[in-house]
Amino acid sequence: MSLVPYATALALALPSYWLLKRALLNYMMRTYTGVPDLDALGKDVKDGKWKGKVAVIAGGSIAGLLTARVLSDHGFARILVVEPESWALSDEAADGVTRIGTRTITSSAGTYNSIAHKRSRVYQYTSIHVYQALLTMILRKLFGSGFDERAKGRGVLFARGDMNVRFSGWGLRIPYSEYPTSKGLSLPEILYTSRRTFEGVLRDCVRAFVSAGEKSPIEFLNGTVTDLNLSSNAKSIKSVNIREEGASATSETECDLFVDCTGATQAGLKMLSRASGASKLATLRENYDPQMNYVTIELPYPPNFEEDIAKIQIDSGISGKPPIDAKTAPWWLVFAPDPDVDYRAVFGGRRDNGIIFGGGGWASDMPVTLAQFREYAEGCKSDKPVPQWFFEIIDLCMPVADEATVFEAKINSCSRVCYERAADVLPSNFIALGDSTMRLNPRFGEGVTKAALGVTTLDGVLRSYGPSDNFAPTFFKRLAARTQGLWEGSKWTDYGRETTTPVPGETLNEGWHFRWYKSRLNRVLERDDAAGSALWHNLMYLVPAQYVMAPGIVAKVLWEAIFPTAPFVRRA
Ligand SMILES: Cc1cc2nc3c(=O)[nH]c(=O)nc-3n(C[C@H](O)[C@H](O)[C@H](O)COP(=O)(O)OP(=O)(O)OC[C@H]3O[C@@H](n4cnc5c(N)ncnc54)[C@H](O)[C@@H]3O)c2cc1C
């Protein structure tokens, strides 16, 4: 019997398998992440399909500012950013003025000081914010080294994307070995900064970008977009009505591209429903209530902090790994229990020129002093307890406890507008991104990177589709593929807590398979490099969630389910 046919089949099978696998991975990266779009991002399009057109952006916050910057690469004759909050457009806002003092607040939890500021339309202005690696990459593409310079000038900390996370008490193996540098092992950088500092830096970057161009098409207008006017066949928006601040009447402005960046207001959907009258639009919005309460506590560094913290042994939660150098650790801990075990989560680390602690959860009480926060962290239940050194760090901060500023956040609404379902009634030049299409539970700290991912996706679609093409449906289809996992992951975790009110028509049982898998995966993350790497890259928006379902990882999760490392202690 000749072995030649078998040898030939094997010789063909191996490269074919390799090619197929590569093609599949490329497809998944292109479909479910924005990473492949980074290559072109920030590069000017000469004689593109949008040359000479007019864009109107409603909302000049994170999503609006990033959108204006991206559109400016596409030859638009005019990019008009309409923002109702006059202070947001002031030099003060771009100069990085973030507070006007403090005010004393008395709530059911106690009396405390909160930061007083002028950014009245952004509820979360003084809430803790965390960010992901994709965001840093996008900002560097859009603003070059200017972003780092401006941000560092305002105290923003750039450091490795390692927040010492504990899921259900278990550590996460971070893929340092995949990022060797001449100085040793490192990781892509993320920003450690407050939301208000970040917003100021972004405004400053856009202001610098506008003044650097000989004749920048970006204009800012203090006002509100009140209505969209459709073409006679309702296939596109031809103009918008704008009420300028202080004016009694609206004026009409021509518009070839409209981008809704109005955040939680989601004004685009309301205006579109009024203009189009299509009944389908009323069915696009999903909404649920996670009853998420959490508090942000900001502190200055106490005297001798660096000397004192250097004596504390911070571990990574991974057995056999050396302790973390406390002086260079940007963040000390994120302790996130399984929703089926406890409602509380706590976290803490460095930001800008100070310290930040956060704590809260589903239908949670709110600790509003450092002493209350310590007690709250002591109450956290998980497979493993909050590490003792975290309390030692809290104790180091007690001398400045009276200087704390506090923000209590209550999130009663998470929502997603499924525009991708409305290709047949959507005007071809209507876009929405940022919180205007999806407002996630902020417990997962993803909104800003998600807005940047939306803008990157828009850039990719603008490069191949013109105004008369299938523009908006293509954008929403791509965006949905890239963000649906964020919505489901966040919602299904929230459904693990009985205090959550689900989307009408759904029950809290939905997503049980996700919660089952995640609670077992958490234990695998601590001992398996491949699982740790897949989840870490996914959390940083660098690979699709499907990577965490690779066959090798699924097998280890199933093994954990059959032979658990420790008993699964559920709530009574
Ligand atoms: C408590 C809390 C904590 C959060 N923590 C994090 C975190 O840790 N990490 C993270 O990445 N994200 C976090 N987020 C989410 C993040 O802040 C948002 O995703 C982000 O601000 C979205 O940006 P945006 O530009 O879409 O909307 P926004 O920043 O809300 O801005 C909307 C803009 O639209 C303007 N506007 C409103 N109505 C109109 C109108 N009719 N016409 C024109 N303009 C209008 C407003 O003035 C505002 O400037 C948190 C959110 C909350 C509520």
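For ligands, and for the atoms within them, numbers begin at 1 and follow the listed sequence.
Applying the side-chain hydrogen bond (donor to acceptor under 3.5 Å, both in side chains) test to residues at least two apart or on different chains, the pairs with a partner in residues 288-297 are Y288-D494.
Side-chain atoms of R482 and Y541 form no donor-acceptor pair, as typed in the model, at a separation below 3.5 Å. Inspection of the N164 and R166 side chains reveals an N or O donor paired with an N or O acceptor under 3.5 Å.
Using a 4.0 Å cut-off between a side-chain N of Lys or Arg and a carboxylate O of Asp or Glu, D352 and R154 do not qualify as a salt bridge. Salt bridge status for E298 with R351: present, with a side-chain N to carboxylate O gap under 4.0 Å.
Shortest non-hydrogen contact noted between F335 and G169 is CE1-CA, 3.9 Å.
Near ligand 1, A58, G59, S61, I62, A63, V82, E83, P84, R119, R121, Q124, S127, I128, H129, V130, R195, T224, V225, C261, T262, G263, T265, A267, Y294, A409, I411, G434, D435, R439, P442, G445, E446, G447, V448 each place a heavy atom less than 4.0 angstrom from the ligand.
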